[in-house]
K.L.:
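The structure's right below; bear with me while I get my questions together.
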Amino acid sequence: MNSISVLHIDLFQQGKNTPDFYFNTLRNHLATSHRHIEKAHRHDFYATILFTNGSGVHEIDFQKYEVSAGSLFFMSPGQVHSWELSDDIDGYIFFCLQDFYEMHYVNQKLRNFPFFGSVNFPRKLQLDPAELDHAVNLMVALQEEYLSRHMMKNGLMLALMSQIFILSARQFSKDPGHPASPASLSYFKHYQEFERLLEEHFTKEKSIAFYADLLSVTPKHLNRIIQTVVRKKATDVITERVILEAKRMLMYLEESLVEIAFRLGYEEYSYFVRVFRKTSGMTPTQFIKIYKS
């Protein structure tokens, strides 16, 4: 059975003295790590990528995003991504393991940032020229500290990372449609707990009532929480998570369509196909032809 590769942070390290963190310019990263990232892959770390030049398409969990100067991306462990970028692409990229950040911040977790905390949150933030200039200054300062051997190096790196994350969360919150808006944040922790439970049970349990019972709320209230945070029905969030996993399996597992449907909790293959088509706009066979061609 072939599966999608999971890349570890040590693949990108080059003798640096910060083993749980990696920083590079995007141009150098692509040049030195091409053998690792030329195909779609997952990470076991958190990634932040800022584009300052060039264009292209960045695909994260089968969602395509346009790339241009000012495009800022956030990726959580386990997400599948690939990209097609122009030759003049440049920018900055850094990775960190969860422990690197959370060992130093007792009350702050990476998943508390909405772009790391929910698979339904947008992964791209488009910065205007002034915001891009400020982000570049922070990235340059982070790069200089990463390459240095100054005292309290990690502390300053973590402070700079936190500035980038906090300012980005604020930028997202300016759009009332995003789940980082002030009205939505009161429900966000409840939604995170729902997503945690969904990750554990989605292959077997697909009813709102099941998750509402685990959360000690009514199905109606759970649906209200999900509508407030991600502007989707609870049933749609559950189904989309199942179909996302189906796409990953169709791409990277050498199993029959019937076997994949069964592993995802569908005893009737025809019903699985109907759900897949309704959610993604194509059949599983059409999806395979497009993404494996």
Side-chain angles (χ1 to χ4, degrees), residues 4 42 44 46 60-63 74-80 98 102 107-123 169 172-173 175-251 253 259-281 284 287:
I4 183 169
R42 307 178 197 240
D44 67 349
Y46 289 86
I60 305 173
D61 278 340
F62 308 100
Q63 173 70 44
F74 301 94
M75 294 176 55
S76 301
Q79 291 194 295
V80 178
Q98 182 174 337
E102 296 182 4
N107 297 319
Q108 179 64 288
K109 308 296 183 185
L110 284 169
R111 283 181 56 82
N112 290 346
F113 296 106
F115 40 80
F116 287 142
S118 169
V119 296
N120 283 289
F121 198 90
R123 295 290 147 175
F172 273 119
S173 72
D175 182 351
H178 279 313
S181 62
S184 303
L185 287 175
S186 61
Y187 277 171
F188 189 68
K189 287 188 177 180
H190 293 89
Y191 180 76
Q192 283 186 310
E193 182 62 15
F194 161 73
E195 279 203 332
R196 185 188 67 78
L197 293 169
L198 183 62
E199 287 298 310
E200 292 181 11
H201 302 288
F202 72 86
T203 59
K204 294 182 179 180
E205 301 291 346
K206 299 174 176 60
S207 72
I208 303 173
F210 173 82
Y211 296 101
D213 183 59
L214 291 180
L215 292 166
S216 299
V217 299
T218 66
K220 183 177 181 180
H221 186 57
L222 177 57
N223 201 60
R224 184 184 301 117
I225 290 171
I226 295 171
Q227 287 269 18
T228 301
V229 175
V230 294
R231 304 294 191 268
K232 295 179 181 180
K233 296 179 181 178
T235 51
D236 291 338
V237 172
I238 295 169
T239 301
E240 287 172 4
R241 180 63 189 91
V242 177
I243 298 306
L244 171 59
E245 197 67 20
K247 290 177 177 179
R248 291 172 173 174
M249 295 170 74
L250 289 169
M251 279 290 293
L253 299 184
E259 289 173 325
I260 287 174
F262 184 76
R263 285 183 58 179
L264 292 172
Y266 296 99
E267 295 184 1
E268 295 184 14
Y269 175 68
S270 59
Y271 180 66
F272 166 70
V273 173
R274 290 200 299 273
V275 173
F276 192 101
R277 183 193 293 118
K278 181 179 179 181
T279 304
S280 63
F287 173 84

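Below, all heavy atoms of this structure are taken into account, side chains as well, without hydrogens, waters or symmetry copies. Everything quoted here is computed from the prediction, not taken from an experiment.
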K.L.:
Going by heavy atoms in the side chains, are Thr239 and Lys278 under 4.5 Å from each other?
P.N.:
no
K.L.:
Run the side-chain contact (heavy atoms from CB on, under 4.5 Å) test on Ile225 and His221 for me, step by step, so that the C-alpha distance in whole Å, both residues' side-chain angles and the decisive distance to 0.1 Å come before the verdict.
P.N.:
CA-CA 6 Å; Ile225 290 171; His221 186 57; 3.7 Å; yes
K.L.:
Does Tyr266 have Lys206 sitting over its ring (NZ/CZ under 6.0 Å from centre, angle to axis within 45°)?
P.N.:
yes
K.L.:
Are any of the side-chain heavy atoms of Val273 and Arg277 separated by less than 4.5 Å?
P.N.:
yes
K.L.:
Phe210 versus Ile238: any side-chain heavy-atom pair under 4.5 Å?
P.N.:
no
K.L.:
Please report the C-alpha distance between His201 and Leu214 in whole Å, then the side-chain angles of each, then the deciding distance to 0.1 Å, and finally whether the side-chain contact (heavy atoms from CB on, under 4.5 Å) criterion is met.
P.N.:
CA-CA 11 Å; His201 302 288; Leu214 291 180; 4.1 Å; yes
K.L.:
Donor-acceptor pair, distance only, cut-off 3.5 Å: does the side chain of Asp61 make one with the backbone of Gln79?
P.N.:
no
K.L.:
If only atom types and distance count, is the side chain of Tyr46 paired as donor or acceptor with the main-chain N or O of Phe74 below 3.5 Å?
P.N.:
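Looks like no, no N/O pair under 3.5 Å.
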K.L.:
Can you list the steps and then say if Thr279 with Glu240 is a side-chain contact (heavy atoms from CB on, under 4.5 Å)?
P.N.:
CA-CA 7 Å; Thr279 304; Glu240 287 172 4; 4.0 Å; yes
K.L.:
Report yes if some heavy atom in the side chain of Gln192 is under 4.5 Å from a heavy atom in the side chain of Arg111; otherwise report no.
P.N.:
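In contact.
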K.L.:
Can you tell me how far NZ of Lys233 sits from CD1 of Ile208, rounded to the nearest 0.5 angstrom?
P.N.:
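Rounded to the nearest 0.5 Å, the CD1-NZ separation comes out at 9.5 Å.
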K.L.:
Is a side-chain donor or acceptor of Ser76 paired with a backbone partner of Phe116 at a separation under 3.5 angstrom?
P.N.:
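Side chain of Ser76 to backbone of Phe116, a donor-acceptor pair under 3.5 Å: yes, one is there.
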K.L.:
Working to the nearest 0.5 angstrom, can you tell me the gap between Asp236 CG and Gln227 CD?
P.N.:
8.5 Å
K.L.:
Between Glu102 (side chain) and Leu110 (backbone), is there a donor-acceptor pair under 3.5 Å?
P.N.:
yes
K.L.:
Should we count CZ of Phe262 as having more than 12 external heavy atoms under 6.0 Å?
P.N.:
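Atom CZ in Phe262 is not crowded, with 12 or fewer foreign heavy atoms closer than 6.0 Å.
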K.L.:
Would you call the rings of Phe115 and Phe172 parallel, tilted or perpendicular, where under 30° means parallel and over 60° means perpendicular?
P.N.:
tilted
K.L.:
When you check the gap from the basic side-chain N to the acidic O, do Arg196 and Glu199 get nearer than 4.0 Å?
P.N.:
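Judged by the 4.0 Å cut-off on N to carboxylate O distance, Arg196 and Glu199 do not form a salt bridge.
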K.L.:
Side-chain contact, heavy-atom cut-off 4.5 Å: Ile243 with Phe287?
P.N.:
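The answer is no; the side chains never approach within 4.5 Å.
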K.L.:
Between Glu245 and Arg241, does a salt bridge (Lys or Arg N to Asp or Glu O under 4.0 Å) hold up when you go through it step by step?
P.N.:
CA-CA 6 Å; Glu245 197 67 20; Arg241 180 63 189 91; 3.1 Å; yes
K.L.:
Would you please test Leu215 and His190 for side-chain contact (heavy atoms from CB on, under 4.5 Å) and show each step?
P.N.:
CA-CA 8 Å; Leu215 292 166; His190 293 89; over 6 Å; no
K.L.:
Check Asn223 against Ala234 and note the closest heavy-atom contact, atom names and distance.
P.N.:
OD1-N, 2.9 Å
K.L.:
Please report the shortest heavy-atom distance between Pro114 and Ala169, naming the atom on each side.
P.N.:
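For Pro114 and Ala169, the tightest heavy-atom pair comes out as CD-CB, 4.4 Å.
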